[in-house]
Amino acid sequence: MNVNRRTFFSKAAVGTLAAISIPTIVDAVIPADKDKKKKAVSLIQANDLILFQGDSITDAGRDRSVSAFNVAQGLGSGYVFLLAAKLLHEFPAYNLNILNKGISGNKVFQLSDRWENDCLSIRPKILSLLVGVNDFWHTLTHNYTGTPEIYKNDLLGLLRNTKKLMPGVRLVMGEPFAVKGCSAVDDSWFPEFDKYRQAAKQVADEMGAIWIPYQEVFDKALEFAPAAYWTHDGVHPSVAGSELMAQAWLNAVV
């Protein structure tokens, strides 16, 4: 064993290591309601079809040729896969069907272009959406001319139409996030990117969606480990970052 590692583990008390666990970090931002199961107020219901939509953070390298529910290759290698495993473990009698239709690089208008096939025709009971980082990032790297107002209006239009055509759908919205200290995210992102985060929250509030404050969760995680531990480039989560996201979703929704 490396001497530095041996020294670290010999000095680190068990309580200290437990204190920096991912559930502890998430609980500090989104307190888990320990009585939810007793009160039966979980958003999750029997026979639910849960659809995850978004960009590369959701896509996570999924096999797009797989259209069956609950198949590992079709769920990708990110937070959706980890979350699906948790949900199927948590609710074995609920007959849940979980599907990932995120596509890398997507902005809101690109989701709209494929929405009929990749959402409306699927008829999910729960729609979980995380989109927005590319709506800003691509203004820096891809000559995209979008603005926070365009992002908000596009997102609001998409979800209003979705609720009109699927009035019973239950919405979950993840906050777009960016973590400084990695290769893709620097001071040039701010404060402009914050406007996209604020726009997403405003849309979530108007649409009655459950909100997952991912930025706050990652900011809290930085108190315990550096940015590179949680995300490869400031945008795409590591394995630890994906677990952080999955746990945040569970705390907010279940």
Side-chain angles (χ1 to χ4, degrees), residues 30 43-44 48-60 62 64 74-76 78-84 87 96-138 146 148 150-178 193 196-218 235-237 242 245-246 248-254:
I30 314 171
L43 186 78
I44 308 295
D48 272 345
L49 194 169
I50 307 173
L51 174 64
F52 289 89
Q53 268 289 3
D55 49 42
S56 57
I57 300 170
T58 300
D59 183 332
R62 69 181 178 89
R64 296 178 194 171
L75 294 171
Y79 80 95
V80 175
F81 173 80
L82 296 174
L83 184 50
L87 288 170
L96 298 178
N97 287 315
I98 301 170
L99 195 63
N100 182 357
K101 287 290 186 178
I103 291 186
S104 180
N106 268 191
K107 297 177 278 294
V108 177
F109 79 86
Q110 291 162 316
L111 264 67
S112 298
D113 289 345
R114 60 185 180 85
W115 210 237
E116 176 62 41
N117 289 332
D118 287 354
C119 179
L120 299 178
S121 66
I122 296 170
R123 309 292 299 179
K125 296 296 185 181
I126 296 174
L127 170 62
S128 183
L129 178 63
L130 172 59
V131 65
V133 69
N134 292 319
D135 292 78
F136 170 74
W137 195 5
H138 289 182
I150 289 173
Y151 167 70
K152 180 180 178 181
N153 291 335
D154 285 354
L155 186 57
L156 197 54
L158 178 69
L159 292 181
R160 281 175 174 166
N161 186 56
T162 301
K163 289 282 280 188
K164 178 181 178 181
L165 296 174
M166 298 190 304
V169 69
R170 286 158 266 151
L171 296 177
V172 179
M173 277 189 60
E175 179 182 26
F177 62 89
F193 180 67
Y196 289 78
R197 295 173 41 234
Q198 293 159 6
K201 181 63 166 67
Q202 290 166 359
V203 171
D205 289 345
E206 178 167 335
M207 300 306 302
I210 289 180
W211 176 250
I212 308 176
Y214 281 132
Q215 186 69 60
E216 190 175 353
V217 170
F218 276 96
V235 172
H236 300 95
S242 294
M245 293 180 67
W249 198 99
L250 280 176
N251 273 33
V253 173
V254 176

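All values below come from the heavy atoms of this structure, side chains included, with hydrogens, waters and symmetry mates left out. Model, not experiment: these values are computed from the prediction.
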May I ask you to decide if I30's main-chain N or O and N251's side chain share a donor-acceptor pair within less than 3.5 Å?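 Here the side-chain-to-backbone pair exists.
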
Report yes if the side chains of [X] and [Y] come closer than 4.5 Å at any heavy-atom pair, otherwise no.
| X | Y | result |
| --- | --- | --- |
| F81 | N100 | no |
| W249 | M245 | no |
| W137 | Y196 | no |
| L129 | V172 | no |
| M173 | L155 | yes |
| R64 | I103 | yes |
| K101 | L99 | yes |
| V254 | I44 | yes |

Closest heavy-atom contact between [X] and [Y]?
| X | Y | answer |
| --- | --- | --- |
| V217 | A248 | CG2-CB, 4.1 Å |
| L130 | P176 | CD1-N, 4.0 Å |
| R197 | W211 | O-CH2, 4.1 Å |
| P148 | A199 | O-CB, 4.3 Å |
| F177 | V133 | O-CG2, 4.1 Å |
| L75 | A84 | CD1-CB, 3.7 Å |

Let me confirm one number: the [atom1]-[atom2] distance from [X] to [Y], rounded to the nearest 0.5 Å.
| X | Y | atom1 | atom2 | value |
| --- | --- | --- | --- | --- |
| L87 | I98 | CG | CD1 | 5.0 Å |
| H236 | S104 | NE2 | OG | 5.5 Å |
| I212 | I210 | CD1 | CD1 | 8.0 Å |

Qualifying residue for side-chain contact (heavy atoms from CB on, under 4.5 Å) with V131, from I57, L111, T58, L158: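 When I57, L111, T58, L158 are each tested with V131, the side-chain contact (heavy atoms from CB on, under 4.5 Å) holds only for L111.
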
Member of L127, I122, D59 meeting the side-chain contact (heavy atoms from CB on, under 4.5 Å) criterion with Q53: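 Passing option: L127.
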
Where does the angle between the aromatic ring planes of Y79 and F52 fall among parallel (under 30°), tilted (30 to 60°) and perpendicular (over 60°)?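 Y79 and F52: perpendicular rings.
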
Could you go step by step and tell me if L43 and I126 meet the side chain to side chain contact (heavy atoms under 4.5 Å, CB included) rule? CA-CA 8 Å; L43 186 78; I126 296 174; 4.1 Å; yes

Given the rule in the side chain to side chain contact (heavy atoms under 4.5 Å, CB included) test, do E206 and L159 qualify, once you have shown the distances and angles that lead to the verdict? CA-CA 10 Å; E206 178 167 335; L159 292 181; over 6 Å; no

Residue pairs, two or more places apart or on separate chains, that pass salt bridge (charged side-chain N to carboxylate O under 4.0 Å, His left out) and touch residues 102-117: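 For residues 102-117: R114-D118.
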
Begin with the C-alpha distance, continue with both residues' side-chain angles, and end with the deciding distance and a verdict on side chain to side chain contact (heavy atoms under 4.5 Å, CB included) for L51 and C119. CA-CA 8 Å; L51 174 64; C119 179; 4.0 Å; yes

How about NZ on K163, more than 12 heavy atoms from neighbouring residues, nucleotides or ligands closer than 6.0 Å, or not?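 Yes - once you tally the heavy atoms of other residues, nucleotides and ligands closer than 6.0 Å, there are more than 12.
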
L250 and L83: side chain to side chain contact (heavy atoms under 4.5 Å, CB included), yes or no, with the steps? CA-CA 8 Å; L250 280 176; L83 184 50; 3.6 Å; yes

